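All figures in this text were calculated on a predicted structure; none of them were measured in a lab. In what follows, chains are A, B, ... by sequence order, proteins preceding strands, each numbered from 1.
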2 protein chains.
Amino acid sequence: MTRTAWAAPAKFVMSERSITEQLGDLQSAREGRGTRTRQALQEAALRMVEGDRSFSGLSLREVTREAGVVPTAFYRHYATMEELGLDLVAESFETLRRMIRSVRSEGLPTDRIITSSVELLVKHVHAHRRHFGFIARERYGGYASLREAIRREIRLFAAELSTDLARFPLLDRWATEDLQMLASLMVNAMVSIAEDILDAPQRPDAEADIIRRAEKQLVFMTLGIPAWRSQPPR
Amino acid sequence: MTRTAWAAPAKFVMSERSITEQLGDLQSAREGRGTRTRQALQEAALRMVEGDRSFSGLSLREVTREAGVVPTAFYRHYATMEELGLDLVAESFETLRRMIRSVRSEGLPTDRIITSSVELLVKHVHAHRRHFGFIARERYGGYASLREAIRREIRLFAAELSTDLARFPLLDRWATEDLQMLASLMVNAMVSIAEDILDAPQRPDAEADIIRRAEKQLVFMTLGIPAWRSQPPR
DNA sequence: TGTACATCAGTGAACGCGCGTTCACTGATGTAC
DNA sequence: TGTACATCAGTGAACGCGCGTTCACTGATGTAC
């Protein structure tokens with residue numbers, strides 16, 4: 001089943017429906033049962049991936065069972081599990097993107113920008129454990145198409161970060177390539193922080209160690225910035 | 001079947017046997033058929049993981065089929081696929097450890113230490129694609145025990161690197177915690193270089209870009225070193 | 001507002017298949033004498 | 001060196017199970033008049 005473009009809603013019953021349900025409209029032209037089952041499938045898969053299991057290890061029948069629906073109902077929404085997975089990648093990054101967009105418009109206190117960024121990331125990881133866990137698990141996981149999609153999204157973040165960095169004093173005269181180098185270093189660090197937080201035992205002191213190391217690493221990187229230009233970058 | 005400690009070989013027919021076969025003795029007390037099948041299973045699994053597939057997606061029967069052996073023969077060597085996987089983790093890191101040990105004893109030219117390190121890593125990734133691919137795929141993959149084993153090995157590398165770093169001027173007075181911070185930053189960077197190399201299309205120019213970015217990142221990190229102490233590390 | 005109709009999301013039975021695991025076996029390899 | 005024996009790695013048949021996918025169906029939802 002291929003996804004159809006969103007035409008015009010036949011009816012507006014917005015007040016009865018949650019925000020996530022409304023977002024579902026972007027994917028399903030019909031309201032009601034159809035959208036609900038589609039979301040039940042997505043949520044079932046995320047719930048099952050929350051523990052130790054990887055998405056590519058889930059069977060179609062397991063997911064439909066968890067979603068409380070008959071296996072054949074799956075095919076009304078996706079042709080394969082891989083398609084469901086791509087939907088979940090998009091959804092996971094959407095929440096992350098929303099967070100970053102709000103930071104970009106509101107800004108963070110510049111004097112404590114590192115502490116605030118790390119804190120925000122950690123808070124977000126906890127608030128969206130299932131999405132982050134799914135992404136971490138599938139980043140090098142089973143389906144090639146999911147891996148590619150995730151890799152693309154992460155590269156996109158690095159690109160966006162490098163334009164943000166360009167606005168800082170000292171960095172505003174850096175070559176694009178050098179900004180990308182720094183951005184990818186920072187994004188990589190953030191990704192491993194997120195993965196460490198996910199895998200860390202839930203004890204708060206283990207987490208505090210991770211946070212402290214992450215802050216140190218970011219501070220350390222900023223120290224390299226003034227020195228970089230004196231060393232001609234090739 | 002639990003692995004038995006290596007006692008004394010009943011016979012020495014070394015000349016007939018390859019180095020890898022001899023290494024196999026460390027895992028199997030008996031020579032001959034037994035060891036050969038065990039290795040056939042390991043190599044079959046690595047071969048199958050080389051493409052897009054993840055280890056946790058392999059079935060026991062597939063592996064034995066690829067190894068040219070009947071499914072039940074598997075149980076003479078491993079109780080589960082997970083056990084095979086742990087063997088492969090150990091084997092993969094063993095080759096990497098051997099490389100690093102030789103670097104540590106022979107050393108690299110200090111004036112081009114970054115270039116040489118990156119070059120060596122890239123060479124090693126190409127020479128052991130199957131091992132690196134396996135590790136990358138399973139780092140956040142299916143079996144929790146494999147993930148833990150890999151995580152432990154990577155942490156071990158960071159610990160070893162931080163003692164190596166302590167021998168450098170400027171770094172010799174750093175606090176242990178700060179050295180660990182820097183080491184984990186460098187190991188993370190190296191890990192993502194390896195993963196990028198693996199996933200990069202085999203065109204040499206794409207690879208050249210990755211290498212250049214990696215070198216820049218490492219140079220950038222060294223620039224932060226002299227500045228760090230002036231900023232009291234808490 | 002009420003009714004007849006079209007759409008299509010979800011159902012339930014059925015299929016053939018590859019899976020992990022069991023079991024009693026076979027026969028090659030190494031040991032004791 | 002030669003023979004009888006023990007060990008145990010590898011065999012092959014068989015099992016029950018969950019899987020993905022098919023099909024004709026049912027009945028709720030939304031539309032046209």
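- Under a 4.0 Å N-O distance rule, the pair A:Glu50/A:Arg129 does not qualify as a salt bridge.
- Between the C1' atom of D:dC8 and the CZ atom of B:Arg38 lies a distance of 15 Å, rounded to the nearest Å.
- Using a 4.0 Å cut-off between a side-chain N of Lys or Arg and a carboxylate O of Asp or Glu, B:Glu62 and B:Arg53 qualify as a salt bridge.
- The pair B:Glu177-A:Lys216 meets the salt-bridge criterion, with a side-chain N (NZ, NE, NH1 or NH2) lying under 4.0 Å from an Asp/Glu carboxylate O.
- In this structure, A:Arg101 pairs ionically with A:Glu94, as a charged nitrogen and a carboxylate oxygen lie closer than 4.0 Å.
- One interatomic measurement links the two molecules: OH of B:Tyr78 to P of D:dA9, which rounds to 13 Å at whole-angstrom precision.
- In this structure, the CZ atom of B:Arg36 is 11 Å from the C1' atom of C:dT29, given to the nearest Å.
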Point to revise | Per-nucleotide protein contact string for nucleotides 18-25 of chain D, where B marks a base within reach and S marks sugar-phosphate only (heavy atoms under 4.0 Å, - for neither) | key: -BBBBB--
**Study point:** Paired and unpaired positions of DNA chain D as dot-bracket, Watson-Crick or G-U wobble under 3.5 Å, | denoting a partner strand
**Key:** .||||||||||||||||||||||||||||||||
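- Between B:Phe157 and B:Phe93, the ring planes lie tilted relative to each other; the angle falls in the 30° to 60° range.
- For the residue pair A:Gln217 and B:Ser184, a side-chain donor N or O sits within less than 3.5 Å of a side-chain acceptor on the partner.
- Note that the CD atom of B:Glu160 and the CZ atom of B:Arg97 stand 5.5 Å from one another [nearest 0.5 Å].
- Nearest heavy-atom pair, B:Arg147 versus B:Glu138, reported as atom, atom and distance to 0.1 Å: CG-O, 3.5 Å.
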